[in-house]
Q: 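Okay, here's the structure, questions in a sec.
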Amino acid sequence: MEETEQKKKLYVHVPTHIVRNEDIHLSNDEFVMYTRLCFLHFRNPKDKGNILKLDHRTLMNFLKITDTRTFKKRINHLHSLDLIKNKIEKVPTKGQISIVFNDSIAEGRAFTKLSASVFTYFINDQIDTYAFRQIFYYKSRINKSLDGNGHDYCFSGFESMTKRFRISRSKVEEANTQLKKAKLLKIVKHKLEPTHEYIDEELQYDRYNNHYFVADILH
């Protein structure tokens with residue numbers, strides 16, 4: 001729909017290998033911070049390049065961080081992973097900080113795209129950091145192919161997610177409950193049929209595997 005008819009929908013793009021913890025490990029709290037920086041970088045005026053000038057207090061409030069030491073620790077872990085280029089030596093009491101975003105980290109690699117409205121659910125305490133990360137993960141595994149050969153759902157098993165994100169099965173289940181309550185996720189129990197369905201490490205190794213559907217509002 002044209003922007004004159006409806007406000008342009010905003011998206012956040014996160015490198016898929018980071019969403020999945022494939023070669024760069026982020027905790028769920030750090031992932032929310034990095035995702036927000038990805039969005040702010042996308043919205044940054046082009047003449048500013050990769051330099052984000054941020055009111056860190058606003059960012060801290062957004063991320064629900066109450067202590068500057070926690071903020072500094074998380075932001076500098078992103079630096080240690082080369083996701084941002086500069087180390088924050090001191091967090092000022094007032095004013096702005098500058099963060100040099102490293103957009104080369106995703107060169108030649110796939111992105112996972114979600115509607116920026118996902119942030120609203122986080123701000124409103126409808127989903128926590130676990131659920132925030134999980135909905136990105138489900139979306140990263142959905143392949144809506146234009147040729148009709150894709151699926152609007154993905155398979156995913158508890159065991160693979162607990163290992164990938166280093167969390168307990170109960171945390172995965174709690175996140176699913178939050179996402180379902182917020183109407184961002186639908187889970188359909190699926191019985192494997194004798195049609196030689198492909199099974200990989202993302203599936204639970206039994207005769208039932210859930211289908212996970214991400215709500216259209218986030219596509």
Side-chain angles (χ1 to χ4, degrees), residues 1-22 26 28-29 31-43 62-64 106 109-158 160-161 164-165 167 171-193 195 197-200 202-204 208-219:
M1 185 175 291
E2 294 183 358
E3 192 170 354
T4 54
E5 299 175 15
Q6 180 178 323
K7 187 176 180 180
K8 187 176 180 181
K9 191 170 184 178
L10 295 174
Y11 290 92
V12 55
H13 300 72
V14 183
T16 297
H17 69 288
I18 295 176
V19 170
R20 297 179 183 175
N21 267 355
E22 288 180 346
L26 294 179
N28 291 326
D29 292 322
F31 178 76
V32 177
M33 173 182 274
Y34 180 67
T35 300
R36 188 62 182 174
L37 293 179
C38 286
F39 179 71
L40 294 174
H41 174 256
F42 172 73
R43 299 281 290 163
F62 183 93
L63 298 172
K64 304 173 187 178
R109 307 189 75 160
F111 284 88
T112 297
K113 182 177 80 170
L114 231 66
S115 166
S117 64
V118 68
F119 289 123
T120 303
Y121 293 88
F122 174 72
I123 295 169
N124 291 341
D125 294 321
Q126 292 170 272
I127 60 174
D128 62 13
T129 57
Y130 292 91
F132 186 93
R133 179 67 167 280
Q134 227 154 275
I135 198 67
F136 269 88
Y137 178 70
Y138 292 139
K139 181 62 161 50
S140 78
R141 303 206 65 85
I142 292 175
N143 177 25
K144 281 193 171 185
S145 177
L146 294 177
D147 61 10
N149 292 324
H151 296 289
D152 58 353
Y153 61 85
C154 70
F155 297 101
S156 193
F158 286 105
S160 63
M161 282 193 286
R164 188 179 292 274
F165 300 122
I167 59 175
K171 287 294 185 182
V172 175
E173 292 174 331
E174 287 172 16
N176 283 341
T177 298
Q178 290 179 32
L179 292 169
K180 288 190 292 183
K181 185 176 180 180
K183 298 182 179 179
L184 298 180
L185 181 71
K186 181 175 73 172
I187 302 175
V188 177
K189 195 169 186 179
H190 172 66
K191 183 176 181 180
L192 291 177
E193 302 295 340
T195 56
E197 290 192 38
Y198 179 70
I199 298 178
D200 64 14
E202 297 303 327
L203 299 180
Q204 300 175 70
Y208 288 100
N209 289 284
N210 292 334
H211 287 180
Y212 294 83
F213 295 81
V214 173
D216 289 341
I217 193 174
L218 294 182
H219 285 279

Q: Please identify each residue that fulfils side-chain hydrogen bond (donor to acceptor under 3.5 Å, both in side chains) with Q126, with sequence neighbours left out.
A: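 Q126 satisfies side-chain hydrogen bond (donor to acceptor under 3.5 Å, both in side chains) with no residue once adjacent residues are dropped.
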Q: What I'd like to find out is whether the side chain of Y138 reaches to under 4.5 Å of the side chain of N176, using heavy atoms alone.
A: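 Yes - at least one pair of side-chain heavy atoms lies under 4.5 Å apart.
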Q: With rounding to the nearest 0.5 angstrom, report the OH to CD1 distance, Y212 to I135.
A: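 Here the rounded value is 11.0 Å.
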Q: May I ask you to test the K171-F165 pair for a side-chain heavy-atom distance under 4.5 Å?
A: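 No; the side chains remain at least 4.5 Å from each other.
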Q: Does the side chain of D125 come within less than 4.5 Å of K64's, by heavy atoms?
A: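 Yes - at least one pair of side-chain heavy atoms lies under 4.5 Å apart.
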Q: So how far is it from F213 CZ to L185 CG, rounded to the nearest 0.5 Å?
A: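 F213 CZ to L185 CG: 10.0 Å, rounded to 0.5 Å.
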Q: With a 4.5 Å limit on heavy-atom distance, are the side chains of I167 and N28 in contact?
A: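 Touching, per the 4.5 Å side-chain cut-off.
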Q: Does atom CD1 of I217 have more than 12 heavy-atom neighbours from other groups under 6.0 Å away?
A: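 No, not enclosed.
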Q: Okay, side chain of H219, backbone of V214: is any donor-acceptor separation there less than 3.5 Å?
A: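 Yes: the side chain of H219 pairs with the backbone of V214.
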Q: Can you see whether T112 engages T16 through a side-chain donor-acceptor pair at a distance of less than 3.5 angstrom?
A: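 Present: a donor and an acceptor within the cut-off.
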Q: Side chains of V188 and Y153: does their closest heavy-atom pair fall under 4.5 Å?
A: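 No, every pair of side-chain atoms sits at 4.5 Å or beyond.
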Q: Do you know the tightest heavy-atom contact between K9 and D216?
A: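 Answer, listing the atom of K9 first, then D216: NZ-O, 4.1 Å.
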Q: Only pairs at least two apart or in different chains count here, so list each side chain to side chain donor-acceptor pair (under 3.5 Å) that has a residue in residues 177-188.
A: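 Every side chain to side chain donor-acceptor pair (under 3.5 Å) pair that includes a residue of residues 177-188, provided the two are not neighbours, is D128-Q178.
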Q: Spell out, as yes or no, whether a donor-acceptor pair under 3.5 Å connects the side chain of N21 to the backbone of L26.
A: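 Such a contact is found between N21 side chain and L26 backbone.
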Q: Would you check if F136 and V12 make a side-chain contact, meaning some heavy-atom pair closer than 4.5 Å?
A: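 Touching, per the 4.5 Å side-chain cut-off.
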Q: So which atom in Q134 and which in V172 form the shortest heavy-atom distance, rounded to 0.1 Å?
A: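 Minimum heavy-atom contact is NE2-O, 3.0 Å.
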Q: Can you tell me how far apart CG (L179) and CG (L184) are? Round to the nearest 0.5 Å.
A: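 Answer for the CG-CG pair, L179 versus L184, is 6.0 Å.
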Q: At what distance, to the nearest 0.5 angstrom, does OH of Y137 lie from CE of M161?
A: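 Rounded to the nearest 0.5 Å, the OH-CE separation comes to 6.5 Å.
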Q: Give me the atom names and distance for the closest heavy-atom approach of F111 to A106.
A: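 Closest heavy-atom pair between F111 and A106: CZ-CB, 3.5 Å.
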Q: In the structure I gave you, are the side-chain heavy atoms of R20 and S140 within less than 4.5 Å of one another anywhere?
A: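 The answer is yes, as the side chains (C-beta and beyond) meet within the 4.5 Å cut-off.
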Q: Using 0.5 Å steps for rounding, measure from the CZ atom of R109 to the NE2 atom of H17.
A: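 Spacing of CZ (R109) from NE2 (H17) equals 4.0 Å.
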Q: Looking at F132 versus Y121, is the centre-to-centre ring distance below 6.0 Å?
A: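 Judged by ring-centre distance (under 6.0 Å), F132 and Y121 do not meet the cut-off.
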Q: Donor-acceptor pairs are to be reported for all side-chain atoms of residues 32-43 against protein atoms at under 3.5 Å, with residues two or more places apart or in another chain.
A:
from	atom 1	to	atom 2	distance (Å)
T35	OG1	F31	O	2.8
H41	NE2	N50	OD1	3.0

